[in-house]
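Report on one structure; see the data block that follows.
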Amino acid sequence: MLDIKVLRENTDAVRRGALKKRMPDRAAAVDRALQIDAELRLLLPTLDGMRSEQKSAGKAMGKLAGAEREAFLEKQKALKAEMQALEEKEKHLRADLQQQLSLVPNLPDDDVPEGKDDTENVETKRHGTVRDFGFEPRPHYEIGEAQGWVDFTRAADMAGSRNYILFGDLALLHDAVLRFAVELMVERGFVPVDPPLLVRDAAMFGTGFFPGGEEQTYRCEKDGLNLIGTSEVPVTSLHGGEMLTEEQLPKKYVARSACFRREAGTYGKDTRGLYRVHQFQKVEQVIVDVADRARSLQHHRDIVQNAEDLLQAFELPYRVVAVCGGDLGVPQAMKYDIETWMPSRKGYGETHSASRFYDYQARRLDLRYRQKDGGKPMYCHTLNNTVAASPRILIPLLENHQQKDGTLRVPKALQRYLGGREVIGRPVF
RNA sequence: GGAGAGGUGGCAGAGUGGCCGAUUGCGUCGCCUUGCUAAGGCGAUGUACCGGAAACGGUACCGGGGGUUCGAAUCCCCCCCUCUCCGCCA
């Protein structure tokens with residue numbers, strides 16, 4: 001959420017920002033919010049004056065008696081009746097304002113490229129060389145099924161499409177990746193967290209997924225709870241409603257959790273294999289720090305680097321892209337995606353997504369801190385990035401490190417989780 | 001699931017219809033005393049909104065929402081959360 005003052009003072013910038021994100025309907029919310037705000041500010045002085053009168057009169061009342069009291073009482077009743085209509089109006093205006101304001105997207109930062117969708121994201125870095133196989137590389141699902149490592153048919157039978165079951169060494173590799181990711185981040189000072197997977201609407205709203213992301217979310221209506229699509233939701237919400245002290249910041253967390261996504265509206269997209277699935281495991285890094293743009297930028301670089309270090313340890317070629325306006329979400333100010341080379345896609349596929357929000361989420365979450373040398377409480381800045389999401393990350397691992405006979409070379413960094421083996425699988429091709 | 005207790009300022013904890021935006025303690029900040037450490041004395045210290053250049057003035061907020069009343073932290077209803085006991089159970 002943006003400060004209403006920002007809307008008042010930089011109306012054009014906010015409107016342009018929404019348009020840069022290709023959200024014209026959300027840009028309209030800016031004008032609606034400002035209109036309601038104007039109405040409210042017209043109403044408030046009158047109403048406050050009446051309240052003031054009621055208050056002081058009420059105090060005098062306590063000392064009165066008899067006929068004098070009766071007369072006073074009549075007058076106060078009349079005032080009350082008059083106030084009721086205005087208070088009703090105030091209530092509705094405030095609720096409407098809140099609603100429109102919550103629709104206004106965060107301002108995209110200056111380093112967000114112009115563009116309509118993910119085809120216009122801008123590559124900022126490329127690392128590693130794409131391997132020359134010397135044979136026709138197979139897609140991960142062919143290798144996986146031939147090895148008996150993955151079963152899509154039975155998964156679909158019991159749970160529907162976009163599901164999978166991992167077996168044997170691939171199940172171990174899946175776990176290895178996640179363990180490596182957590183250990184890497186713990187070494188770097190991040191506090192490991194095992195968060196709730198079912199959360200209230202407030203957490204979804206606070207992180208900016210609601211309103212807007214309801215269709216993407218599995219919901220347990222009976223309990224009013226939502227299955228998280230990322231642990232960003234519970235972990236960023238962790239200190240929601242709290243007043244932290246500057247000394248407690250930055251908070252750096254790493255969470256491993258299951259994630260659930262309905263993938264509504266993606267029919268026919270990435271239907272084969274492990275790329276787009278309803279349920280997966282993800283290790284996520286989350287940072288909460290003071291309201292300082294320079295520090296946010298530094299954190300953003302750091303969390304991207306953390307993910308890059310993991311990919312380098314996995315010996316995978318990747319590139320970093322600056323996500324353009326049209327591909328940016330409502331709450332983000334700027335986002336880098338990391339895309340890892342996937343031979344079956346003959347291209348790079350998104351494996352990581354690093355966002356900075358400044359105070360947009362914190363404002364929605366009521367997440368503040370008290371400054372060291374006095375002054376007003378400030379809203380925190382928040383950021384997050386994937387460390388590893390699996391099974392998606394298994395795609396480049398299987399496809400880039402496959403050998404002609406269908407066995408898999410295990411990167412050195414992961415061998416220790418697989419009993420020290422350098423190769424897994426048996427010759428199947 | 002059943003029974004009970006409770007949710008108040010950064011924290012702890014009083015307050016049962018007008019004298020309460022709220023006693024007090026802790027913490028924090030400033031000053032003073034004491035020559036260092038420690039301790040003590042005095043004062044200040046909530047958040048948000050509206051108006052104002054500012055000084056300042058006004059309003060709202062005692063878990064959330066409704067209600068009673070001229071007036072609600074205080075009374076009534078609904079919801080959420082925490083704790084204790086019982087039951088059930090991974």
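No hydrogens, no waters, no symmetry mates; every other heavy atom, side chains included, goes into these values. Just so we're clear, the structure is a prediction, and the values are computed from it rather than from any experiment. All chains are named by letter (A, B, ...) in the order of the sequence lines, taking the proteins before the strands, and each is independently numbered beginning at 1.
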In the strands shown, is [N] matched to any nucleotide by a Watson-Crick or G-U wobble pair with both distances under 3.5 Å, and which?
N       : answer
rU16(B) : none
rA73(B) : none
rC62(B) : none
rA22(B) : none
rC85(B) : rG2(B)
rA90(B) : none
rG43(B) : rC29(B)
rG9(B)  : none

Worksheet item: Only one of Gln332(A), His300(A), His299(A), His381(A) forms a side-chain hydrogen bond (donor to acceptor under 3.5 Å, both in side chains) with Arg356(A), so which one is it?
Response: His300(A)
Fill in: Passing candidate, side-chain hydrogen bond (donor to acceptor under 3.5 Å, both in side chains) with Glu315(A), options His401(A), Arg409(A), Lys412(A)
Arg409(A)
Worksheet entry | Upstream residue (5' side of RNA chain B) when Arg200(A) and Arg368(A) are each assigned their closest nucleotide | Arg368(A)
Discussion item. I want to confirm an ordering. Mapping Gln54(A) and Lys5(A) to their closest nucleotides on RNA chain B, which one lands closer to the 5' end?
Written reply: Lys5(A)
OP1, OP2 of [N] versus side-chain N and O of [X]: anything below 4.0 Å?
X        : N       : answer
Arg41(A) : rU59(B) : no
Lys55(A) : rG71(B) : no
Ser52(A) : rU59(B) : yes

Item to complete: Would you mind telling me which of rC49(B), rU59(B), rG10(B) lies closest to the side-chain atoms of Met243(A)?
Response: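 Of the options given, the side chain of Met243(A) lies nearest rG10(B).
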Fill in: Short side-chain to backbone donor-acceptor contact, Tyr369(A) and Ala291(A), under 3.5 Å
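Yes, Tyr369(A) side chain to Ala291(A) backbone: donor-acceptor pair under 3.5 Å.
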Discussion item. Using only atom types and a distance under 3.5 Å, with no angle test, would you say the side chain of Asn306(A) pairs donor to acceptor with the backbone of Val304(A)?
Written reply: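 No.
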Worksheet item: NA contact type, Arg363(A), heavy-atom cut-off 4.0 Å: base, sugar-phosphate, or nothing?
Response: nothing
Practice prompt. Under 4.0 Å between any heavy atoms, over every strand shown, what does Lys77(A) touch: base, sugar-phosphate, or nothing? Just pick one.
Written response: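 Since only primed, P, OP1 and OP2 atoms lie under 4.0 Å of Lys77(A), the category is sugar-phosphate.
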Item to complete: Decide, yes or no, whether a salt bridge links Glu215(A) with Arg262(A) under the criterion of side-chain N to carboxylate O below 4.0 Å.
Response: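 Yes, charged N to carboxylate O under 4.0 Å.
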Fill in: Rounded distance in Å between the C1' positions of rG21(B) and rU74(B)
15 Å
Discussion item. Distance check, P atoms only: rG65(B) and rC61(B), in whole angstrom units.
Written reply: 10 Å
Given atom [atom1] of [X] and atom [atom2] of [N], what is their separation to the nearest angstrom?
X         : N       : atom1 : atom2 : result
Arg8(A)   : rC50(B) : CZ    : C1'   : 9 Å
Met50(A)  : rC70(B) : CE    : P     : 16 Å
Arg370(A) : rA48(B) : CZ    : P     : 9 Å

Worksheet entry | Aromatic ring proximity, centroids under 6.0 angstrom, Tyr379(A) and Tyr360(A) |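 For Tyr360(A) and Tyr379(A), the ring centres are not under 6.0 Å apart.
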